[in-house]
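As structure tokens, the structure follows; a few thoughts come after it.
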Protein chains: 2
Amino acid sequence: MPDTSPRRRKAATIHDVAQAASVSTATVSKFINGGQRFTREVEERVTQAIRDLGYRSNPLARGMITGRTGNVGLVILDILNPHFTSLVKGASRVAMRAGLNLLFADATEGQTPVLAMLQDLSRRVDGLIVSARLSEIATDWLQHSGVPTVYYGGQQSLAGGYGVGADSKTAALMLGRYLRDQGHRRVHYVGFSGARWSADRWQGLQQAFEGSEAALTLHDVAAPVAEEGERVASSLLLSAQPPDVVVAYNDLLALGLLGQAQALGLRVPEDVSIAGFDNILYGRYTSPALTTVDMASELTGEVAMQRLIERIQADPDTPLPTGHETLASRVIARGSTAARRMA
Amino acid sequence: MPDTSPRRRKAATIHDVAQAASVSTATVSKFINGGQRFTREVEERVTQAIRDLGYRSNPLARGMITGRTGNVGLVILDILNPHFTSLVKGASRVAMRAGLNLLFADATEGQTPVLAMLQDLSRRVDGLIVSARLSEIATDWLQHSGVPTVYYGGQQSLAGGYGVGADSKTAALMLGRYLRDQGHRRVHYVGFSGARWSADRWQGLQQAFEGSEAALTLHDVAAPVAEEGERVASSLLLSAQPPDVVVAYNDLLALGLLGQAQALGLRVPEDVSIAGFDNILYGRYTSPALTTVDMASELTGEVAMQRLIERIQADPDTPLPTGHETLASRVIARGSTAARRMA
DNA sequence: TTGTACGCGTTATCAT
DNA sequence: ATGATAACGCGTACAA
């Protein structure tokens with residue numbers, strides 16, 4: 001079947017419109033950008049010409065002179081993780097409402113060094129939303145470049161930067177208290193040291209059990225994904241001193257742990273309780289459903305984008321706010337955790 | 001804490017480089033674009049100047065003259081659906097490898113009419129990957145505009161377009177045969193008429209059960225999401241003639257059905273079998289795990305992006321291939337479906 | 001091998 | 001109220 005589709009037609013330019021309406025390009029430009037009003041006569045002719053020619057201004061040409069691309073960049077660590085997916089959703093919604101396009105980059109593929117990716121991206125966008133988990137050379141360059149940037153995740157504010165996200169230590173503290181009240185005493189935490197705030201969650205847990213007789217044990221995995229949860233499950237669950245609750249760095253790990261625990265013949269939560277962080281949608285559909293902590297994934301994306309837009313539109317002479325905006329998290333208690341007899 | 005970060009510095013231009021290296025801008029341009037070779041002397045000076053000034057060419061200015069933006073657009077219906085998330089992952093990987101940036105748009109937010117979104121997007125990209133599920137006015141405009149486009153999903157080739165994806169009817173036929181062999185006789189299909197190929201899946205199911213005594217029933221939901229699965233579960237499962245297997249249009253619906261079935265006190269698969277389409281990751285972590293059909297989500301994204309790149313780079317004088325590229329699907333049999341006694 | 005000069009489509013400045 | 005024209009930063013004929 002031969003191709004009959006038209007080649008990309010060279011779009012009408014502002015010049016074409018001006019000519020068709022018998023006015024100057026300046027007039028058309030001003031009319032479009034809404035600065036001024038004109039004679040009824042002129043307005044009608046221009047409107048007509050624009051409609052006839054299907055004119056839309058060239059974003060590149062416009063960007064060259066205005067210095068605005070109309071794009072914002074969003075760098076995600078792993079789009080397959082529902083936590084980040086939700087973040088994208090929130091950010092996307094706000095961007096769209098503001099008439100901004102979303103330039104999406106998945107940093108999972110270590111192909112390109114992140115720094116090079118950021119440098120490339122930064123020329124194509126008005127601002128950037130990136131993970132607070134980026135390498136220091138990357139964040140340093142971002143600061144130095146002066147590109148409007150908002151960080152999501154980790155709550156320690158980078159010098160001169162602005163961050164948005166739920167607080168990991170608080171979240172872990174709340175989860176820890178809940179588990180402590182349930183009578184858990186042998187607590188294992190499966191951390192992911194690749195994320196700085198895994199340590200915060202570990203601290204929060206420890207703090208929650210302070211003064212109790214609980215024994216806390218720390219593990220570490222290579223990646224915050226379900227497969228890793230499955231991989232470490234047996235060594236963790238079948239040890240001499242098995243945990244009565246396993247807290248995972250995130251829900252994906254918890255999902256893997258839960259599945260493998262059951263595959264190993266353990267009953268959840270009777271034999272072992274399991275909990276995670278992020279409140280991903282799919283934690284509701286396991287049985288038992290997964291206890292987790294909602295980390296405001298989607299809201300993080302929304303707020304980050306709002307703040308970025310504010311920074312982009314900010315008066316160049318007034319200083320930009322610095323620091324971290326902490327969003328509320330909350331424990332979602334479900335069936336994967338249950339009370340223990342007090343020993 | 002006051003802001004100490006630098007304002008966005010005006011990046012070095014090719015002019016600055018030329019001046020610093022005591023050559024002309026043309027020399028720098030040719031050097032960068034690799035067309036020619038120069039005197040050792042000149043090459044060194046230029047390289048040095050580029051390094052010193054941290055020069056990177058302005059994509060907008062370059063785009064104006066080359067007609068290439070270096071961006072590709074990807075329009076997704078609902079990024080929260082893991083099927084589409086995987087597609088994005090695949091497309092993103094290929095784009096990144098090709099040095100292209102991904103302009104992502106979530107069409108869920110019906111805020112902007114899709115057509116306007118496409119028109120806007122099309123000026124910012126070299127090509128577009130969109131759902132075959134778009135409205136006709138949208139696809140018509142795309143054809144007419146001549147923007148290189150690849151469709152994902154539905155297998156009916158749009159006139160003059162190019163599509164990529166697994167075949168729904170074949171997939172449903174395979175699943176249907178598997179279920180028929182298991183002895184299922186009261187088959188309910190929970191469709192989503194919003195997607196054209198939901199009908200294909202229904203047809204495939206029907207074909208699989210042709211000549212059997214099975215009774216097939218068709219349902220419809222308003223959206224292909226888990227909540228809808230939960231919503232319709234009771235009326236479907238507690239009817240006078242309850243199904244012995246429920247096939248859902250996709251895994252999200254199946255997940256909702258599965259969860260609600262169990263909440264209603266039904267045992268899966270003993271009382272009712274449940275299956276879906278897409279093979280989303282989280283179907284593995286329910287119990288029982290979800291039977292599904294792998295629809296090559298990630299591969300769809302990869303191939304679609306490859307084909308788009310080919311179309312973008314194609315010689316303007318040779319006709320572009322038209323039609324549909326069908327990817328292999330396969331049944332993933334898991335615990336949510338089990339054999340029935342032959343009646 | 002290297003440089004000059006024009007044009008890409010737009011907005012902004014300055015006249016009129 | 002409207003128009004002429006200079007940027008914006010780059011690639012590329014064409015000239016040298």
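Throughout, a chain's letter reflects where its sequence line sits, starting with A, and its residues are numbered from 1. Not measured: the values here are computed from a predicted model.
Atom-to-atom distance recorded for A:Glu302:CD and A:Arg97:CZ is 7.5 Å, nearest 0.5 angstrom.
The CE-P distance, from B:Met64 to C:dT11, rounds to 11 Å in whole Å. Here D:dC8 presents its P atom at 14 Å from CZ of A:Arg123, a figure rounded to the nearest Å. The interatomic distance linking B:His15 (NE2) with D:dC8 (P) rounds to 10 Å, in whole Å. B:Arg124 has its CZ atom 16 Å from the P atom of C:dG9, to the nearest Å. With rounding to whole Å, A:Ile50 atom CD1 is found 11 Å from C:dT10 atom P. Atom CG of B:Asn58 is separated from atom P of D:dC10 by 6 Å (rounded to the nearest Å). Rounded to whole Å, atom P of D:dG3 lies 13 Å from atom CD of A:Gln19. Atom CG of B:Leu60 and atom P of C:dC8 are 17 Å apart (whole Å).
Listed for the A:Thr149 side chain is a donor-acceptor partner under 3.5 Å among the backbone atoms of A:Val147. At distances below 3.5 Å, not a single donor-acceptor pair connects side-chain atoms of B:Arg93 with backbone N or O atoms of B:Gly301. Side-chain atoms of A:Glu43 come within 3.5 Å of backbone atoms of A:Phe38 as a donor-acceptor pair (strictly under, hydrogens ignored). A donor-acceptor pair is defined here as one N or O able to donate and one able to accept, closer than 3.5 Å; no such pair exists between the side chain of A:Asp126 and the backbone of A:Val72.
Note on the helix from C:dT1-D:dA16 to C:dT16-D:dA1: angle between the axes of the first and last five pairs equals 40°, rounded to 10 degrees.
With sequence neighbours excluded, the residues that form a side chain to side chain contact (heavy atoms under 4.5 Å, CB included) with B:Ala195 are B:Arg133, B:Phe192, B:Trp197, B:Tyr249. Under the salt bridge (charged side-chain N to carboxylate O under 4.0 Å, His left out) criterion, A:Arg68 pairs with no residue at all, not counting sequence neighbours. By the side chain to side chain contact (heavy atoms under 4.5 Å, CB included) test, B:Thr300 is found to be paired with B:Leu87, B:Tyr152, B:Val164, B:Ala296, B:Leu327, residues two or more places apart in sequence or in another chain being considered.
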Contact pattern, 5' to 3', of nucleotides 11-16 of chain D - B, S or - by protein heavy atom under 4.0 Å: BBB---
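The phosphate of C:dG3 (OP1 or OP2) has a side-chain N or O of B:Ser24 nearer than 4.0 angstrom.
A salt bridge (charged side-chain N to carboxylate O under 4.0 Å, His left out) check over residues 47-58 of chain A, counting only residues at least two apart or in different chains, returns the pairs A:Arg56-B:Asp120.
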